[in-house]
J.: 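My structure is below; once you've seen it, I'll send some questions.
Quick note: residue numbers are just sequence positions, from 1.
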Amino acid sequence: MMKKSVQWAAIALTLMAMMTACSSDSNDGTEPEPEPTPATVQEELPTTLKLTRSEQEMVNQSNEFAFNLFAEITDPGCFGIRENQKSIILSPISITYALGMLNNGAAGETQQQINKVLGFGEQGADSINAFCYKMLKTAPAIDPLTKVLISNTIFLNKDYVLKPDFVSKAKAFYEAEPETRDFNDGKTLDVINKWAADHTEQMIQKVLDEQTFNPSAVSYLMNAIYFKGEWAMKFDKAETADEIFHQTHAYDATEKETKIPMMHQRGTFNYTETDDCQVLQLPYGNQSFTMTILLTKDTDKLPCVPTAKQWQEMSQRLYGHNIDVKLPRFETDTDIYLNDYMAKLGMPDAFDTNKANFKNFCEKPTFISMIKQVAKIEVSEEGTEAAAITIIGMEEAALPDDQPSFINFHANRPFLYIISEKTTGAIFFIGQYTGH
């Protein structure tokens with residue numbers, strides 16, 4: 001159970017299991033180009049996420065992957081709300097870390113597909129490594145009021161051997177130290193789950209169980225992202241009251257109502273509008289990290305998931321307005337397999353025993369058998385607490401007497417929200433709340 005005293009924590013953990021392929025290692029691809037050493041990335045680590053033009057483009061491409069994946073999962077038709085559509089929380093950047101680490105073991109068409117899906121295209125594995133390393137080293141330092149932790153590890157079945165170059169890059173760019181274990185010892189499952197709990201402040205207690213853990217797997221690669229912060233302007237608990245939340249279903253033209261705790265405050269917040277929705281930005285800590293909420297003007301629909309370009313343009317239009325804010329106090333849990341979504345987005349070969357090319361990963365031919373994310377988020381008066389796990393088989397000022405006019409932003413119907421780093425727009429978490 002999540003502790004109410006915790007303000008905002010967002011956690012993403014990626015666990016990747018590689019399975020031995022049934023095919024022979026006949027589809028050797030071109031060897032990846034030599035990568036920059038971490039020293040070249042590390043020379044002058046900034047205390048804020050100030051990026052070069054090339055690095056900002058990497059963020060934009062990574063965000064494009066985030067929006068593509070979320071749109072594919074939640075609403076292929078855009079805007080319509082399915083009957084009883086569940087709330088969801090994902091951490092696409094966690095998937096980027098896990099696949100980015102694994103991608104150093106890929107080659108040929110398999111690697112090219114992973115590069116493209118993650119949004120790095122021709123820039124390839126080098127750019128993914130540099131992007132992940134820079135975020136790993138700088139994100140935790142940009143806000144002393146916000147806690148950000150990024151961790152990676154690899155559990156290897158004792159029957160297999162990882163390629164030295166893959167291990168070197170995993171250590172250098174992801175700070176992942178492989179641990180060789182006997183997957184049949186009856187203890188490895190507990191060790192994996194303990195690592196998950198230890199690197200998510202005990203919020204994620206289990207990532208695999210006896211049904212999903214495969215003692216024949218080659219390895220499990222894991223990424224954990226932990227984020228904890230407080231609202232820059234907390235909601236007063238005395239202002240929270242049960243109010244009606246509209247659960248509208250466009251397909252059958254019915255509307256269901258339920259009462260939920262609705263938080264309330266008035267203040268000056270960054271805000272803008274599009275033709276379809278209101279957009280509000282609520283900052284955390286020193287305002288380096290924010291939650292941006294997209295609330296549709298049409299009660300029958302959810303806002304369309306934006307593209308990376310639309311997200312960038314929308315962010316540039318945000319500026320201070322006097323806002324009367326109502327936002328649900330809510331919790332969301334997600335447990336979802338991502339194999340089909342990732343394949344549909346453009347990397348089918350990685351899951352195909354006959355086509356997967358991970359010749360730079362292990363001495364034996366391998367393929368990805370499973371990608372799964374387990375996630376959790378809690379939004380309260382003081383902030384947010386959240387956790388996400390991805391598994392891949394092979395996260396108030398006093399008002400003056402003269403009252404100004406306020407824009408109402410009352411999230412009493414389904415909405416989309418995005419947790420991001422403010423200056424770059426880098427997305428850490430994306431979710432939707434539907435009342436279910």
Side-chain angles (χ1 to χ4, degrees), residues 11-21 91 93-106 110 114 132 136 149-163 166-171 173-200 203-226 335-339 342 347 350-351 353 356 358 360-375 387-395:
I11 305 162
L13 183 148
T14 302
L15 187 154
M16 311 172 60
M18 297 295 296
M19 298 296 294
T20 302
S91 177
I93 199 171
S94 177
I95 301 172
T96 296
Y97 268 93
L99 279 177
M101 182 162 55
L102 175 62
N103 200 33
N104 290 303
T110 299
I114 294 174
C132 287
L136 184 151
L149 301 175
I150 303 174
S151 307
N152 302 286
T153 194
I154 302 170
F155 292 101
L156 177 69
N157 193 322
K158 69 178 182 61
D159 296 328
Y160 299 92
V161 178
L162 297 176
K163 293 290 186 72
F166 172 81
V167 173
S168 176
K169 291 172 182 175
K171 291 180 179 180
F173 292 98
Y174 299 86
E175 299 185 348
E177 187 71 38
E179 178 180 341
T180 300
R181 298 190 58 86
D182 181 355
F183 280 17
N184 287 288
D185 62 3
K187 300 178 182 179
T188 298
L189 175 59
D190 291 337
V191 171
I192 288 173
N193 286 329
K194 185 178 186 302
W195 189 93
D198 289 347
H199 289 81
T200 59
M203 289 181 64
I204 299 296
Q205 294 291 319
K206 182 182 293 185
V207 297
L208 292 176
D209 56 26
E210 292 182 356
Q211 285 69 48
T212 54
F213 173 70
N214 187 348
S216 298
V218 174
S219 69
Y220 286 96
L221 295 82
M222 303 176 67
N223 163 264
I225 296 177
Y226 178 81
D335 190 331
I336 186 171
Y337 285 89
L338 300 171
N339 295 43
M342 298 300 291
M347 50 171 284
F351 305 98
T353 60
F358 291 99
N360 299 315
F361 172 71
C362 179
E363 299 295 339
K364 300 288 182 69
T366 56
F367 72 101
I368 297 176
S369 62
M370 174 182 65
I371 299 183
K372 178 186 179 187
Q373 188 164 97
V374 181
I389 297 177
T390 309
I391 303 174
I392 306 180
M394 185 29 159
E395 129 266 73

J.: Would you say that F183 contacts K158 through its side chain, given a criterion of any heavy-atom pair below 4.5 Å between the two side chains?
T.: no
J.: If you take all heavy atoms of N214 and S216, which pair is closest and at what distance?
T.: OD1-N, 2.8 Å
J.: Return the CG to CD1 distance between L136 and I150, rounded to the nearest 0.5 Å.
T.: 5.0 Å
J.: For the atom pair OH (Y174) and NZ (K169), what is the distance rounded to the nearest 0.5 Å?
T.: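 Rounded to the nearest 0.5 Å, the OH-NZ separation comes out at 10.0 Å.
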J.: Closest heavy-atom contact between V218 and C362?
T.: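 Residues V218 and C362, closest heavy atoms: CG1-SG, 4.0 Å.
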J.: Determine whether Q205 and T200 make a side-chain contact, defined as any pair of heavy atoms from C-beta on separated by less than 4.5 Å.
T.: no
J.: Report yes or no: does T212 contribute a side-chain atom to a donor-acceptor pair with the main-chain N or O of D209 at less than 3.5 Å?
T.: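 Indeed, once roles are kept as given, a pair shorter than 3.5 Å links the two residues.
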J.: Measure across N152 and W195 and return the closest heavy-atom pair with its distance rounded to 0.1 Å.
T.: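 Where N152 meets W195 most closely, the heavy atoms are C-CZ2, 3.9 Å.
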J.: Any donor and acceptor pair, going by atom type alone, linking the side chain of T188 with main-chain N or O of R181 inside 3.5 Å?
T.: no
J.: Quick check: closest heavy atoms across E210 and L189, and the distance to 0.1 Å?
T.: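 It is N-CD2, 3.8 Å.
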J.: I need the M347 CE to N339 CG distance, nearest 0.5 Å.
T.: 9.0 Å
J.: Applying side chain to side chain contact (heavy atoms under 4.5 Å, CB included) to I192 and M222, what does each step give before you reach the verdict?
T.: CA-CA 9 Å; I192 288 173; M222 303 176 67; 3.9 Å; yes
J.: Flag the pair I368 / L102 as yes when at least one side-chain heavy-atom distance between them is below 4.5 Å, and no otherwise.
T.: yes
J.: Taking the side chain as C-beta and beyond, is there a heavy-atom pair between I154 and L162 under 4.5 Å?
T.: yes
J.: How close do K171 and P178 get, counting heavy atoms only, and between which atoms?
T.: CE-CD, 4.0 Å
J.: With a 3.5 Å distance limit and no angle check, can you tell me whether N360 reaches the backbone of N104 through a side-chain donor-acceptor pair?
T.: no
J.: With side chain to side chain contact (heavy atoms under 4.5 Å, CB included) as the test, would you mind laying out the steps for M203 and Y226 before giving the verdict?
T.: CA-CA 10 Å; M203 289 181 64; Y226 178 81; 4.1 Å; yes
J.: OG1 of T110 to CG of N103: how many Å apart, nearest 0.5 Å?
T.: 9.5 Å
J.: Are K364 and Y160 close enough, and set up right, to give a side chain to side chain contact (heavy atoms under 4.5 Å, CB included), and what steps lead you there?
T.: CA-CA 8 Å; K364 300 288 182 69; Y160 299 92; 4.0 Å; yes
J.: Hey, is the main chain of P215 close enough, under 3.5 Å, to the side chain of N157 for a donor-acceptor pair?
T.: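 Yes; judged by distance alone, with no hydrogens or angles, the pair exists.
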J.: Side chains of T153 and S151: does their closest heavy-atom pair fall under 4.5 Å?
T.: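 In short, these two side chains do not touch, never coming nearer than 4.5 Å.
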J.: Tell me whether D190 contacts the main-chain N or O of N193 through its side chain, where contact means a donor paired with an acceptor under 3.5 Å.
T.: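 Such a contact is absent between D190 side chain and N193 backbone.
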J.: May I ask you to decide if the ring planes of F358 and F361 are parallel, tilted or perpendicular, using 30° and 60° as cut-offs?
T.: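 F358 vs F361 ring planes: perpendicular.
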J.: Please examine the side chains of M342 and F351, heavy atoms only from C-beta on, and report whether any two atoms are closer than 4.5 Å.
T.: yes
J.: Write down the atom of I114, the atom of A106, and the distance for their closest heavy-atom approach.
T.: CD1-CB, 4.5 Å
J.: Is a side-chain donor or acceptor of Y97 paired with a backbone partner of C132 at a separation under 3.5 angstrom?
T.: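 Yes, because the side chain of Y97 sits within donor-acceptor range (under 3.5 Å) of the backbone of C132.
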J.: Do Y220 and F213 have ring centres separated by under 6.0 Å?
T.: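 So the answer is yes for these two rings.
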